[in-house]
2 protein chains.
Amino acid sequence: MTDVRVLLVDDHPVVRAGLRAMLTEFEGISIAADAADGKAALRELSRLAVLGEGVDVVLMDLQMGAGMDGVAATAAIRKLAAPPPVLILTTYDTDADILAAVEAGASGYMLKDAPPEQIRQAVFAAAAGETVLAPKAAALLMNRITNPGTSLTPREVQLLELLATGLSNRAIAKQVFISEATVKTHLVHIYGKLGVDNRTAAIAAATQRRIIRPPGQAS
Amino acid sequence: MTDVRVLLVDDHPVVRAGLRAMLTEFEGISIAADAADGKAALRELSRLAVLGEGVDVVLMDLQMGAGMDGVAATAAIRKLAAPPPVLILTTYDTDADILAAVEAGASGYMLKDAPPEQIRQAVFAAAAGETVLAPKAAALLMNRITNPGTSLTPREVQLLELLATGLSNRAIAKQVFISEATVKTHLVHIYGKLGVDNRTAAIAAATQRRIIRPPGQAS
DNA sequence: CGGCGGGTCAATCAAAAGGTTGACCCCGGG
DNA sequence: CCCGGGGTCAACCTTTTGATTGACCCGCCG
């Protein structure tokens with residue numbers, strides 16, 4: 001049985017070094033390569049493919065300052081011929097992040113502050129084709145299928161995120177290429193589901209329930 | 001010349017491992033210990049002091065989920081008898097983070113996405129008693145001393161906090177026993193100082209600059 | 001003492017946001 | 001095949017917010 005070959009994708013050299021050090025200490029895991037952003041990850045994948053060296057798991061951060069971000073990179077990887085499973089390893093456990101990652105085709109969602117042993121298990125599980133979710137991610141998805149009426153749709157979450165950045169209805173409309181009327185419609189739905197009646201209260205509620213990340217907590 | 005002895009403080013095992021791996025590769029640096037939060041850092045410092053093993057530089061993250069955060073830890077360390085220099089190594093370069101760190105007595109402010117070589121130089125500089133700032137940190141402090149007139153008054157901060165909870169102008173007025181007109185006046189001033197033109201953008205800006213805590217985050 | 005900054009309030013107008021109703025399209029499942 | 005949910009848009013009206021102007025009080029400081 002050969003090692004599980006991992007591709008690390010994270011924009012922080014420190015984190016890459018940390019994962020490399022941590023994972024190589026485990027039996028049965030080796031680091032195939034690392035990349036600082038999504039584009040570099042795709043390059044590494046094709047480079048390794050040419051060499052005949054497969055990658056068994058991609059370990060991907062979601063927040064990446066420059067270049068292609070984690071969601072886009074995950075989606076791109078899943079479109080390859082024989083895509084390796086993508087395990088998201090990130091800092092935040094907000095609904096928005098989790099949903100985006102799952103929709104993009106991630107096969108797992110773990111948090112960076114997880115103990116090393118959990119990360120090790122997650123890597124093996126992902127390599128075996130299993131889905132592995134952090135507790136909060138699992139709970140969110142369960143809740144989503146049991147009572148879909150009260151939870152926000154992906155579109156609504158998207159607008160909520162833009163809302164939280166301080167954009168006006170008109171600005172949001174332009175951003176997502178819909179009319180201002182539609183933005184209002186969505187917002188009314190959002191207010192109803194969150195039990196509020198204005199945008200600032202919606203931001204507060206959504207932040208509190210960890211539907212969105214606090215404003216301005218980017219990379 | 002003995003090695004520069006470093007104490008790592010970061011709540012993520014991955015990051016601690018990364019810094020450890022990265023720094024130990026450099027000549028002249030060794031890791032004295034690491035800690036997951038502020039309290040543990042102080043414990044480590046006193047433990048090492050008892051052993052007669054000094055610490056030359058504390059490498060500190062600002063954001064730490066549980067326990068004492070980076071700012072408080074920095075302040076506490078600076079109150080020790082022979083405090084080692086504290087070099088902040090964090091993810092965000094927001095105004096309030098930088099200001100809080102400098103006010104707490106940090107002798108440097110670096111970003112985690114800095115290349116390893118820069119981090120190495122910063123550690124040596126800090127150990128030598130020098131001050132080392134990331135470009136944005138330096139720029140902010142320069143700007144702050146040249147035009148100090150742009151900061152919010154305590155009253156304005158108070159209204160901003162209420163604003164962030166989702167209250168309407170009228171509700172804010174009742175809360176602090178002033179008229180709605182006065183609330184509007186304050187908001188106009190706040191918008192001017194923050195460079196925004198509506199309440200949601202004010203919340204985003206204030207959160208980003210850590211003037212207020214993200215909505216629904218316990219203090 | 002005289003000003004100045006912070007806090008208070010009012011009136012007014014313009015702009016944005018909120019609420020309602022109704023409509024159309026598309027897709028997936030009973 | 002029809003229904004329902006999600007997404008889109010429009011028209012309309014009410015309420016809230018934002019912007020401007022001007023005013024008063026108070027405490028501090030030169």
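Hydrogens, waters and symmetry mates are skipped; everything else that's a heavy atom, side chains included, is used. Below, read A as the first sequence line, B as the second, and so on, with proteins coming before strands; counting in each chain starts at 1.
Side chains of Thr182(A) and Ser179(A): a donor on one and an acceptor on the other come within 3.5 Å.
Between the axis at the start and the axis at the end of the helix from dC1(C)-dG30(D) to dG30(C)-dC1(D) there is an angle of 30°, using five pairs per end and rounding to 10 degrees.
For Thr153(B), no side-chain nitrogen or oxygen approaches OP1 or OP2 of dG6(C) to under 4.0 Å. In this model, the phosphate group of dC9(D) is approached by a side-chain N or O of Ser179(A) to a distance below 4.0 Å at OP1 or OP2. Remark: Arg155(B) is in phosphate contact with dT8(C), judged by side-chain N or O atoms under 4.0 Å from OP1 or OP2. For dA17(C), one of the phosphate oxygens OP1 or OP2 lies less than 4.0 angstrom from a side-chain nitrogen or oxygen of Asn169(A).
Contact annotation for Ser168(A): backbone-only contact, meaning every heavy-atom pair under 4.0 Å involves sugar-phosphate atoms and none involves a base.
Atom P of nucleotide dG18(D) and atom CZ of Arg199(A) are separated by 10 Å, given to the nearest angstrom. In this entry the distance linking NZ of Lys184(B) with C1' of dT12(C) reads 10 Å, nearest Å. If you measure from atom NZ of Lys174(B) to atom P of dT16(D), you get 11 Å, rounded to the nearest angstrom. Look at CD1 on Ile172(B): it is 17 Å from C1' on dC9(C), rounded to the nearest Å. Separating the CG atom of Leu152(B) from the P atom of dG7(C) is a distance of 10 Å, rounded to the nearest angstrom. Protein atom CG of Asn198(A) is 13 Å distant from nucleotide atom C1' of dA16(C), rounded to whole Å.
Near DNA chain D, meaning a heavy atom under 4.0 Å from it, residues 185-192 of chain A has Thr185(A), His186(A) in order of number.
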